[in-house]
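Here is the structure we will look at.
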Amino acid sequence: MPGWPHTREGLIEEQLLLATLVPEPWLLEPSSRVGGVFVCFPRGPSGAGQAGDPAWAAACVGEETVVVTGYAGAAYEPGLLALREGELLEAAVRALTQPLDVLVVDATGRDHPRRAGLALHLGAVLDLPTVGVTHRPLGAEGKWPEDERGARSPLMLEGDLVGHWLCTRAGTRPLAVHAAWRTDPATACEVVLSTCHARTPEPLRRARRRAREARARNPGAQS
DNA sequence: GCGACAG
DNA sequence: ATCTTGTCGC
């Protein structure tokens, strides 16, 4: 079963393995409970950050929200984000007591040099369908869609459709929505649109707010 | 001029 | 992720 290697070599190997797995496809239903998870780090100029940086992670589903604190596992490096925040995100989701059917993560999924971004990795570890949402793609490319809620355009990586640019709200920049663990690009968009009032899907928005609130209430208390 | 590769 | 500045709209 997948886990969180602590070295670059180990993670790369794990990602290559994850990319070969073919989990049962998951489909969104009206009754599906959508959760979100988000992690933040200390404010201030810190570039890519460093291993050991204090971190606050929040997860939510329905009315429940939980916050856990910990430390970054590594500095940020494109393609190796799991090394920095994988374990903490998992801890936050496991702290939830209410059940969830799908999780929205601020990371890519299939859009990754080894086709196993953090959103996909987290889903495999938790055995839970996931969807990735980021401000921009990691390696995939595609032109923006029309500025109309629900409009989407393909995000392609080496000839494969790995996600979509999705306009979640007119007048705002589109979101990069990623197929991840047990989800395809179309389902990922359905999940995001079904929970979107503002630009960001509500579960992710709430998790982000709670994580930042926790940081504000406890600044530097774990440095 | 360089980089423009998730967070 | 975090920063910065300004603009729009409730």
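Letters go in sequence order (proteins before strands), and every chain restarts at 1. The basis for the numbers below is simple: all heavy atoms, side chains too, and nothing from hydrogens, waters or symmetry mates.
A ring pair (Phe, Tyr, Trp, His ring centres under 6.0 Å) check over residues 134-171 of chain A, counting only residues at least two apart or in different chains, returns the pairs A:Trp144-A:Trp165. A salt bridge (charged side-chain N to carboxylate O under 4.0 Å, His left out) check over residues 5-21 of chain A, counting only residues at least two apart or in different chains, returns the pairs A:Arg8-A:Glu77.
Of the residues in residues 7-21 of chain A, none has a non-hydrogen atom less than 4.0 angstrom from any atom of DNA chain B. Contacts between residues 104-129 of chain A and DNA chain B, defined by a heavy-atom separation below 4.0 Å, involve A:Asp106, A:Ala107, A:Thr108, A:His112, A:Gly117, A:Leu118, listed by number. Near-neighbour residues of DNA chain B inside residues 178-200 of chain A, defined by a heavy atom below 4.0 Å, are absent. Of the residues in residues 131-168 of chain A, A:Thr134, A:His135, A:Arg136, A:Pro137, A:Leu138 come within less than 4.0 Å of DNA chain B through at least one heavy atom, sorted by number.
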Legend entry - Canonical and wobble pairing (Watson-Crick, G-U, under 3.5 Å) of DNA chain C, dot-bracket with |: ..........

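Under 4.0 Å is where a charged nitrogen must lie from a carboxylate oxygen, and between A:Arg115 and A:Asp160 at least one such pair does. Electrostatic pairing of A:Arg209 and A:Glu213 counts as a salt bridge here, judged by a charged N lying under 4.0 Å from a carboxylate O.
The minimum heavy-atom distance linking A:Arg114 with A:Leu80 is given by the pair NH2-CD2, 3.8 Å. Considering every non-hydrogen atom in both A:Val67 and A:Ala214, the closest pair reads CG1-CB, 3.7 Å. The nearest pair of heavy atoms linking A:Thr69 to A:Trp56 is CG2-CD1, 3.5 Å.
Taking the 5' to 3' direction, DNA chain B first and last meets chain A under 4.0 angstrom from a heavy atom at B:dC5 to B:dG7. Nucleotides of DNA chain C lying under 4.0 Å from heavy atoms of chain A occupy a range whose first and last members, 5' to 3', are C:dA1 to C:dC3.
Residues forming a salt bridge (Lys or Arg N to Asp or Glu O under 4.0 Å) with A:Glu90 (at least two apart in sequence, or on another chain): A:Arg94. The ring-ring contact (aromatic ring centres under 6.0 Å, His included) check on A:His121 picks up A:Trp4, with sequence neighbours excluded.
Screening A:Asp101, A:Asp184, A:Thr130 for a side chain to side chain contact (heavy atoms under 4.5 Å, CB included) involving A:Trp26 leaves a single residue, A:Asp101.
Put simply, the side chain of A:Arg149 never gets that close to the backbone of A:Ala170: no donor and acceptor are under 3.5 Å apart.
Counting any heavy atom pair closer than 4.0 Å across all strands shown, A:Gly79 reaches a base atom. The residue A:Arg212 sits close only to the backbone: its heavy atoms come under 4.0 Å of sugar-phosphate atoms, none of a base. Note on A:Tyr76: a base of the nucleic acid sits closer than 4.0 angstrom, heavy atoms only.
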Inset, instruction - Give the intermediate values and the outcome of side-chain contact (heavy atoms from CB on, under 4.5 Å) for residues A:Leu89 and A:Leu118. - result: CA-CA 10 Å; A:Leu89 292 178; A:Leu118 179 54; 3.7 Å; yes

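Base-pairing analysis of DNA chain B finds no stem of at least three consecutive Watson-Crick or G-U pairs with both pairing distances under 3.5 Å.
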